[in-house]
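Just below is one structure, and these are the notes that go with it.
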Amino acid sequence: MVMLLAPRLAYFAGVARTEHVTRAAQEMQVPQSTLSRAMVRLEQDLGVDLFARIGRTVSLTPAGRTFLTSVEGALAEVARAADAVRADADPATGKVAFGFLHTMGSETVPGLIRAFRADHPRVRFSLVQNYGEAMIERLRSGELDLCLTSPVPDAPDLVGRRLDEQKLRLVVPADHRLAARKRVRLAEAADETFVTLEPGYGMRRITDDLCQEAGFKPRIAFEGEEAETLRGLVAAGLGVALLPPPAVPRPGVVELTVTAPRAVREIAVAWLDGHPDTPPVAAFKRFLLSKRGNLLPT
């Protein structure tokens with residue numbers, strides 16, 4: 001029924017507004033015969049008389065008035081939706097739905113957006129902070145246009161481009177036995193209790209892989225959802241953690257360079273393969289790709 005009715009709703013509203021088939025046809029720039037036939041078929045499909053006719057002049061029946069109220073609401077909603085999608089695609093003032101890791105939020109992403117808006121001052125952003133797998137799902141659902149994630153996604157429906165890498169540090173309490181050191185081999189922490197992000201987070205996978213490469217499986221005491229919470233747990237003496245550097249130094253912890261194995265995480269921009277970009281999304285994607293090797297603050 002919807003497929004039958006939808007093409008005729010605007011015609012119906014035009015005739016109802018003018019109460020005259022000829023004037024409605026002129027306003028909508030369609031042949032009068034086309035409009036007349038559409039109204040007859042609409043009434044036949046509904047099985048209800050919508051108009052009382054006197055020549056080319058028409059007036060709504062009670063059923064027609066009831067139908068018009070809903071039709072006008074539906075057409076207004078369609079118009080609002082059309083305006084919204086056109087506005088989001090506007091090259092100068094459109095919108096980019098951009099996701100990024102929590103650890104990118106305090107410094108990296110604000111700096112990127114500030115630099116991009118120097119040349120695109122009116123482009124709008126819808127920003128989402130989340131962990132990698134959750135952002136990938138939001139890409140797939142169409143909620144995000146682009147995301148910064150780690151590691152580089154490897155899936156046939158996604159495109160991932162490596163932009164930079166971030167050194168990871170072993171974070172220990174200030175009074176820890178290793179706290180006087182500047183560098184450490186990860187194997188030296190084999191007997192320590194670790195605090196980590198929850199399974200599903202890219203950093204958790206990297207932590208598990210690096211510990212395995214160092215010859216041990218980490219003993220996990222606490223799992224969290226945010227790197228700075230983990231630093232707080234480390235400062236409280238509840239374990240050690242492998243983490244990217246903080247935007248602001250955290251009291252109560254010492255951050256050690258890991259000399260072996262090579263402890264880094266790759267930062268990538270990802271998007272849905274084959275998904276057409278609006279002009280503002282395409283511009284921001286080009287901007288991000290231009291930052292390859294220079295994405296992160298030094």
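In this chain, numbering begins with 1 at the start of the sequence shown.
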- Between Arg162 and Ala268, is there a donor-acceptor pair closer than 3.5 Å when you use the side chain of the first and the backbone of the second? no

- Query: Looking at the rings of Phe125 and Phe284, which for Trp means the six-membered one, are their centres under 6.0 Å apart?
  - Reply: yes

- Sorted by first residue and then second, give each side chain to side chain donor-acceptor pair (under 3.5 Å) pair with at least one member in residues 4-17; sequence neighbours left out. Arg8-Asp45, Arg17-Glu27

- Are any side-chain N or O atoms of Arg169 and backbone N or O atoms of Thr257, one a donor and one an acceptor, separated by less than 3.5 Å? no

- Item | Trace of the side-chain contact (heavy atoms from CB on, under 4.5 Å) decision for Phe216 with Asp191 | CA-CA 9 Å; Phe216 69 96; Asp191 295 329; over 6 Å; no

- Query: side-chain contact (heavy atoms from CB on, under 4.5 Å) between Val254 and Val171: does it pass, once the steps are laid out?
  - Reply: CA-CA 6 Å; Val254 174; Val171 184; over 6 Å; no

- Message: With side-chain contact (heavy atoms from CB on, under 4.5 Å) as the criterion, how do Val281 and Leu146 come out once you've worked through the C-alpha distance, each side chain's angles and the decisive distance to 0.1 Å?
- Response: CA-CA 8 Å; Val281 171; Leu146 303 164; 4.3 Å; yes

- Salt bridge flag under 4.0 Å for residues Asp157 and Arg140: yes

- Message: I need the Ile206 CD1 to Ser150 OG distance, nearest 0.5 Å.
- Response: 4.0 Å

- Measure from the side-chain N and O atoms of Thr61 to the backbone N and O of Leu50, and report whether any donor-acceptor pair falls under 3.5 Å. yes

- Item | Selection residues 71-92 - residue pairs positive for side chain to side chain donor-acceptor pair (under 3.5 Å), sequence neighbours left out | Glu77-Arg80, Asp83-Arg86, Asp88-Arg124, Asp90-Thr93

- Task: Measure the CD1-OG1 distance between Ile220 and Thr196 for me, rounded to the nearest 0.5 Å.
- Result: 4.0 Å

- Query: Counting N and O atoms only, with roles assigned by atom type, does the side chain of Ser36 sit under 3.5 Å from a partner on the main chain of Gln32, one being a donor and the other an acceptor?
  - Reply: yes

- Geometric class of the Phe100/Phe98 ring pair [parallel <30°, tilted 30-60°, perpendicular >60°]: tilted

- Query: Going by distance alone, is a donor N or O of one side chain under 3.5 Å from an acceptor N or O of the other, for Thr259 and Arg183?
  - Reply: no

- Item | Glu255 and Val253, any side-chain heavy atoms less than 4.5 Å apart | yes

- Query: According to the interplanar angle, ranging from 0 to 90°, do the rings of Phe51 and Phe12 count as parallel (below 30°), tilted (30 to 60°) or perpendicular (above 60°)?
  - Reply: tilted

- Query: Is the closest side-chain heavy-atom distance between Pro173 and Val240 below 4.5 Å?
  - Reply: yes

- Query: When Gln166 is tested against each of Leu296, Thr108, Leu295 for side chain to side chain contact (heavy atoms under 4.5 Å, CB included), which residue passes?
  - Reply: Leu296

